[in-house]
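Proteins come first, then strands; the chains are lettered A, B, ... in the order of their sequence lines, and each starts at number 1. Heavy atoms only: backbone and side chains are in, while hydrogens, waters and symmetry mates are out.
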Amino acid sequence: MSLSHNADGPQLNLAGRLDAQNAAELRGVLARHAADTPGDLSLDLSGVPFMDSSALAALVGALKDRRREGRALRLIAASAPVRELLSLTMLDRAFALPPDGAAR
Amino acid sequence: MSVPALTAGGQDDPQAALFTELLEQVADLSDQLVFLHRLIPQALALASEAQAAELVQEAATLINTPRAALKLGGQWIGGAPGWLRDRPAPRRPTVLPTGAMHTGAPFVDAWRPTAVLLIPCVDGHVAMWGKRQFQAGERSLIETLARLLDAALEAQRARREAQRHALQQRDRQQAQAVWRAVAPETLVSPAGYQLNLHSQPASDFGGDFQFQERDWVVVGDVSGKGLPAAIITAMFATSFTVAVRSAVLNDALIDALHDHLERSGAFCTLAAVQVRPDGALRVVNVGHPPVLVRRADGSLEEIRATAPPIGTFPLVNIDFERVWLHPGDALLMYSDGLFEAEDDRGAPFGLDRLNALASTAAPGDFNAEALRALQTYTVTDDLTLLTLHRDPAAPGVHRRLPGDLAALPQVGEALREALAPDHPVLLPAELAVTELVVNAVRHGGATRVDLRLHASGNDLLLTLTDDGAPFDPTRAEEREAGELREHGYGLLIVRRCAREWHYARKRGGNRQTLRLRAPAPVPPPPGP
C-alpha cells in the first residue's frame, strides 16, 4: 500500500490507498504540510481509490487543527469510493466537497 | 324317531321283548347319531355362549330329559335352579341317583326328586335333570357333547382373538399412515437447496418427527414412543402449523406447545429452520442436539439449544439464530439416535465422531456416510438425519485473511469477485467490511478472518468469522454521523449499510452475520 503526495503550494494531491495501515503516515504528511505551507489547504483525493475510517479520522484531525488556527481545509476532488465514505459519515459538507462533476 | 310296530312273536315272547328293546336302543342310537350329525356343524358355528346353552338344551330334549343348564367361566348361562347353583363343579362325569340331592322347596325352580347328570367341560360343566335315571349311553352322549363344546368354545375364542388382532393390526396400520402424513418420510427440497432426509423410526410410529410448513423445516423428538408420542406429535405439528401462520410466532408457539405438553406430562425437543431462497436462515433450537452449520470448506459452527425441551420449564422466549448459508454450505440436523448408538462394547458413537464426520463428509453424502459409520453400532432409538445443502454451483466467495492490516486490499478483491463492478452495494460494502476486519485485527487480536459472501439482488449476504477475543460490535455505543471527531466512524459506517447485523460467539471465535445494502441517500438539509 503506497501513499504518494505532491504539494503545489496550497494544494496537496494524494494518491494511493488510504486505510488503517497508513493512516498514521497520512497524519504526518498533513501536519508537515500545515507547518511548511501558510494559508488554507486544498486537498485533491481523486487519485485515492479507497479510504477507510482511520484515514478519514486523520483528515478530520487535520481539519480541526487548521480551524483552531483560523485556516481552512477543503476537499476539491474525490474518487467515488471516497465520496461514498464521506456520504456514509455525512462529512462531505464539513469538508466543503463540491458535488461530483463540478469544476475544481 | 318312530319305531315300527313289531308283530313277530307277540308280546309274551321274551326274545321278542329283548329284540324290541334292542331295536329301541338301535333307534335311540340312530337318533343320537342324527343328533351328533346336526350338532357338530352347529357347534362349529358357535358364536356365543348363549348358543352353547341352547345346544345343551337341545341335547337334553334328545335324551328325553326336560331340563339342562350350562356353567361356563363361573357363570350359569341362562340361569340355573337354586339347588344347583352353588354345587361345586364335578371332577368327572357323574350321575347322582334320584334322591341323592335335595332339589325341592325352598329352592327357586324346585323339582320333584330326580337323577342329576353332571358332566365337566374345560371351562365349567353341563347339568341335566328331570327324569329318574340316565342311561350309560346318554351319559356318554353328553360327555361327547361336552368335548364338542370345549372344542367349539376354544375355536370361538381363537376366532375372536384373531379378529381382535386383525382389528389391532388395521388400527395400527391406519395410525401409521396418519403418522406418516404428519411426519413424512420424504420432504421437499426448497428452491436452491438439496434436502436429504433419513427417517428410521425404532417402532411403527412416535418419537422422532419431521415436517415442513411453508418455508419452515422442522425436526423434533417427542418423549416416549408409540401411539402416545404419535398423538402428541400430531398435536404438535398442528400447533406449529397454526403458529407459523400467526404473526407472533414466538407467543403462538409457547402458548400452543408448552401448556399442552405440560398437561400431558410429555416433553418435546425441536429444531426448526426457516429457509429463504437467498440463503438466509432462521434457526430455533429448543432442547434438541446441536444443529451444525457445515461450511463449504468443512468448518463447523454449532447452534446449541437456547432453552430446555418444551414441556419441562415454562418457555419465556424463543431465540432465533440468523445464519447465512453461502453456496456449498449446509445445515445438518440429527436426533440423539445417532450419537447415542452403541458399539458391541457399549461405547457410544458420540458427538466428537459425529462432528468429525460432518466436517469430512461432503454435505450431500453425510447421511449415507453416517449410516455406513453406524454399521458396527446398534441403533436402539429413532434415527433421523436431515441435511440441507445450499447449491454449491451458485456464485459466492470465501476468502481467508491473515490477521494483518496489509491484507485489507483483499476485502475489495473478494467483493469484486462476488459483485458486478456497478453493483450498488460494492462501495459501501468495501467500506463496511474493511471496518469490520480492522476491528477484528486491531481490537480483537484476530490472527485470521474468514469472509464468506454472496449477492442476492441489491443485498450482500456476508458472514465474517474471526478467532479474536469475544466482542459483540452490534452492542457497541452508537455515534452520530456528521460529527467531527477522530475515531468511531467505523461502526457508524457498518450500521448505515447493514440491514441486518447479528453477532454470535462460536467455538473459539466471533461470527458476524450481515445483510448489507447501499443506504438510501440522505436528503440534503433545507437550504440556508
In terms of heavy-atom contacts, A/Gln21 and B/Leu405 come closest through CG-CB, 4.1 Å
dist A/Asp19:CG -> B/Leu408:CG (nearest 0.5 Å) comes out at 5.0 Å
* What do you reckon, is CZ of B/Arg499 surrounded by more than 12 foreign heavy atoms closer than 6.0 Å? -> no
Closest non-hydrogen atoms of B/Leu427 and A/Pro81, given as atom of the first, atom of the second and distance, are CD2-CG, 3.7 Å
Given B/Cys497, B/Gly412, B/Pro428, the one with more heavy-atom pairs under 4.5 angstrom with chain A than any other is B/Pro428
When rounded to the nearest 0.5 Å, the distance separating CG of A/Leu85 from OG1 of B/Thr434 is 10.0 Å
Tightest non-hydrogen contact, residues A/Ala20 and B/Arg442, listed as O-NH2, 3.1 Å
Whatever's closer than 4.5 Å to a heavy atom in chain B on A/Leu63 counts as side chain
Turns out that what part of B/Pro519 lies under 4.5 Å from chain A's heavy atoms comes down to side chain
